[in-house]
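Structure, as structure tokens:
Just the heavy atoms: all of them, side chains too, but no hydrogens, waters or symmetry mates, feed the values below. Whatever order the structure lists ligands and atoms in, that order sets their numbers, starting from 1.
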Amino acid sequence: MTAEIIVKKPAGKIAPNLADYGVVQAEFSWDAARRSLDGLPHGGGLNIAHEAVDRHAQGSRADHLALRWLGKSGAVRDFTYRDLALETSRFANVLAGLGVQAGECVFVLAGRIPELYITVLGALKQRCVVSPLFSAFGPEPIHTRLALGSGSVLVTTASLYQKKVAGLRERLPQLKHVLLVSDDGGRTAEPGTLDLATLMREAGPRFTIGPTDPEDRALLHFTSGTTGKPKGAIHVHQAVVAHHATGALALDFHSTDVFWCTADPGWITGTSYGIVSPFTHGITSIVDEGDFDAERWYRILSEQQVSVWYTAPTAVRMMMRGGAELARGHDFPHLRFIASVGEPLNPQAVLWGRDAFGLPIHDNWWQTETGGIMIANYAAMDIKPGSMGKPLPGVDAAIVKRAADGAAEVITAPDVQGELALKRGWPSMFRGYLNDDERYRKCFSGEWYLTGDLAKRDADGYFWFVGRADDVIKSSGHLIGPFEVESALMEHPAVAEAGVIGKPDPMQLETVKAFVALKPGFEAGEALRRDLLGFARKRLGAAVAPKEIDFIASLPKTRSGKIMRRLLKARELGLPEGDTSTLESGT
Ligand code: 6R9
């Protein structure tokens with residue numbers, strides 16, 4: 001790992017919310033965090049949509065820009081908090097008018113269009129359980145999720161409906177209402193569906209949110225396992241306390257911020273931080289309908305005066321491919337904080353941020369199951385590139401090993417690898433896997449939630465990601481984290497991306513094999529392969545360095561950008577590929 005530590009200078013123009021980690025950690029309490037939200041009037045409980053929308057629309061931020069939508073082909077639509085409150089109330093009235101009750105499940109299958117954001121928040125007002133799906137899913141993954149979640153309402157676009165859903169209707173007896181967004185502004189007219197725009201016009205713009213218990217179900221997000229069906233992680237309204245607190249502490253939101261979370265709400269990052277967290281802070285969010293395009297992204301960061309940017313390592317690596325010169329063609333005078341999640345952020349990428357933007361990239365770690373950021377590099381804290389940072393104040397994280405009887409034993413010595421565990425009790429912890437209590441129970445040992453990730457904690461309290469428990473390689477008695485090997489390969493000028501697996505070996509149990517995608521201008525061939533093998537061996541030593549390297553055009557990734565190492569392995573070994581519903585097409 002890179003030895004350099006990025007030492008932060010004390011307060012720049014804007015003082016960080018978390019100025020001293022130790023102090024905030026000692027003083028933080030979830031009860032106090034809860035009190036920085038409003039709660040529903042007259043003791044009506046806690047509802048995400050009230051905290052995200054109505055309380056601002058009823059207060060001094062009513063005319064503040066909440067959401068600026070950038071369409072694929074140049075259209076721009078702006079919504080103030082007042083606009084958002086009226087539109088989301090209309091949708092809540094649409095649901096109520098259709099007889100959709102609190103607790104019923106509403107799915108939204110759409111690209112990043114304003115209706116997605118409005119219907120998710122509107123459904124939360126009606127106290128429905130909401131599940132946003134990736135619009136790129138094919139019919140089968142859509143069917144699996146709607147069936148597992150017993151979806152009674154689906155909001156989608158006319159074209160997605162024709163292509164993907166119409167043929168499934170007979171197999172979805174629970175699905176009572178399909179509401180369509182027109183692709184061209186006209187009225188939709190598919191049999192068995194309703195036109196959303198018409199319903200919205202007819203619905204009233206005022207809606208009173210009913211009493212909401214903080215433990216009422218609110219959001220449902222599916223996450224893929226190695227095998228079997230996707231798991232539906234259930235989150236409750238109380239999660240908003242963590243969404244809000246992490247916005248302040250980990251993403252350093254200030255009231256003047258323009259925030260851009262590049263994630264799609266089909267991935268939990270795009271819901272917790274693309275919808276809920278920034279709105280609870282009353283700040284402006286940018287939503288881009290378009291797909292990744294380095295030049296477009298630089299333009300958005302610059303023209304929209306983005307001040308806080310939350311993205312993923314895969315996007316950072318794609319931008320790195322184009323070189324820092326591309327970034328230097330733009331000015332980013334407003335940008336002051338960059339964060340990333342989803343995968344380990346290679347030290348190279350942290351440092352590239354400094355070259356391209358004059359700012360390091362702050363890695364943070366969490367999962368669909370944790371609902372919000374749990375470990376982070378904070379604005380005021382020194383960064384050790386390659387580390388995920390320190391636990392969120394209010395979150396107790398530890399490295400544990402599982403004893404023979406399954407009990408989790410905390411490892412107190414530093415730098416020892418074990419499973420990353422979190423002590424129960426933070427508000428956005430998932431409350432179950434849909435219809436799978438057994439699987440839920442297996443995630444816990446006493447007070448500890450076991451994450452399935454392997455990590456280390458160093459003597460300064462920084463956490464270092466090693467790999468997912470199922471990705472870790474065992475070679476000649478050494479445990480080898482694929483991330484460490486990938487990061488070393490990434491330091492080579494020809495390498496754009498690397499994915500590393502363990503390949504069964506009769507002598508060593510497993511040997512390390514790397515798949516490498518090259519930057520433009522480099523040619524795959526024997527000479528480069530030898531060069532890379534030597535380069536890795538010099539950095540990592542013979543025990544850890546890959547023995548084999550294959551060149552590959554691009555690595556298989558999930559739609560949220562995670563390298564699917566298990567798929568590289570299955571393909572290498574000719575094994576069944578397992579659940580590939582989240583695989584990004586073309587990889
Ligand atoms: C938010 C999200 C969770 C898994 C997690 C881990 C990996 C996420 C990471 C990271 C290393 C980071 N992961 N952030 N690994 N460093 N900063 O990604 O949720 O899609 O459920 O994935 O992603 O393996 O367990 P989800």
Side-chain angles (χ1 to χ4, degrees), residues 1 132 134 219-226 230-235 239 242-243 246 250-251 261-274 276-277 310-317 338-347 349-350 361-378 383-392 397 419-422 428-430 433 443 449-457 462-472 481-484 486-487 499-500 557-566 579 581-584:
M1 297 282 149
F134 281 114
L219 292 159
L220 175 64
H221 267 281
F222 290 89
T223 172
S224 288
T226 311
K231 304 174 275 188
I234 300 161
H235 289 281
H243 297 148
T246 48
L251 299 177
C261 169
T262 59
D264 189 283
W267 177 31
I268 192 156
T269 306
T271 301
S272 296
Y273 297 98
V276 181
S277 179
Y310 195 22
T311 190
T314 178
V316 174
R317 288 192 300 259
I338 310 177
S340 149
V341 69
E343 272 203 300
L345 187 67
N346 315 84
V350 177
I361 302 181
H362 298 75
D363 187 20
N364 58 55
W365 176 97
W366 56 290
Q367 301 179 308
T368 301
E369 287 84 347
T370 71
I373 298 169
M374 295 284 111
I375 297 181
N377 286 285
Y378 306 92
I383 297 179
K384 297 190 186 186
S387 157
M388 316 190 275
K390 293 188 181 183
L392 188 82
E419 187 165 359
L420 177 61
L422 306 168
S428 62
M429 187 182 90
F430 70 136
Y433 286 128
C443 295
Y449 162 65
L450 303 164
T451 66
D453 281 352
L454 299 179
K456 294 179 193 174
R457 200 193 66 249
Y462 283 73
F463 282 72
W464 298 79
F465 183 79
V466 173
R468 292 183 67 88
D470 47 11
D471 283 341
V472 168
F483 171 54
E484 195 177 1
E486 289 158 8
S487 289
V500 167
K557 292 196 204 81
T558 64
R559 291 183 195 287
S560 55
K562 292 187 211 304
I563 297 171
M564 290 180 90
R565 297 183 186 81
R566 70 172 169 82
D579 173 22
S581 62
T582 54
L583 179 68
E584 193 180 49

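- Here L345 contributes atom CG and M388 contributes atom CE; the two are 12.0 Å apart, rounded to the nearest 0.5 Å.
- With hydrogens and angles disregarded, a donor-acceptor distance shorter than 3.5 Å links the side chain of S387 to the backbone of F463.
- Between K384 and W464 there is a side-chain heavy-atom pair separated by less than 4.5 Å.
- Residues R317 and E343 are paired through a salt bridge, judged by an N-O separation under 4.0 Å between the basic side chain and the carboxylate.
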- Task: Evaluate the salt bridge (Lys or Arg N to Asp or Glu O under 4.0 Å) criterion for residues E486 and R565: first the C-alpha distance (whole Å), next the side-chain angles of each, then the deciding distance (0.1 Å), finally the verdict.
- Result: CA-CA 11 Å; E486 289 158 8; R565 297 183 186 81; 2.7 Å; yes
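- For the pair Y273 (side chain) and G372 (backbone), a donor-acceptor distance under 3.5 Å is absent.
- For ligand 1, the protein residues placed under 4.0 Å by at least one non-hydrogen atom are W267, T269, V341, G342, E343, P344, D363, N364, W365, W366, Q367, T368, M388, D453, F465, R468, K562.
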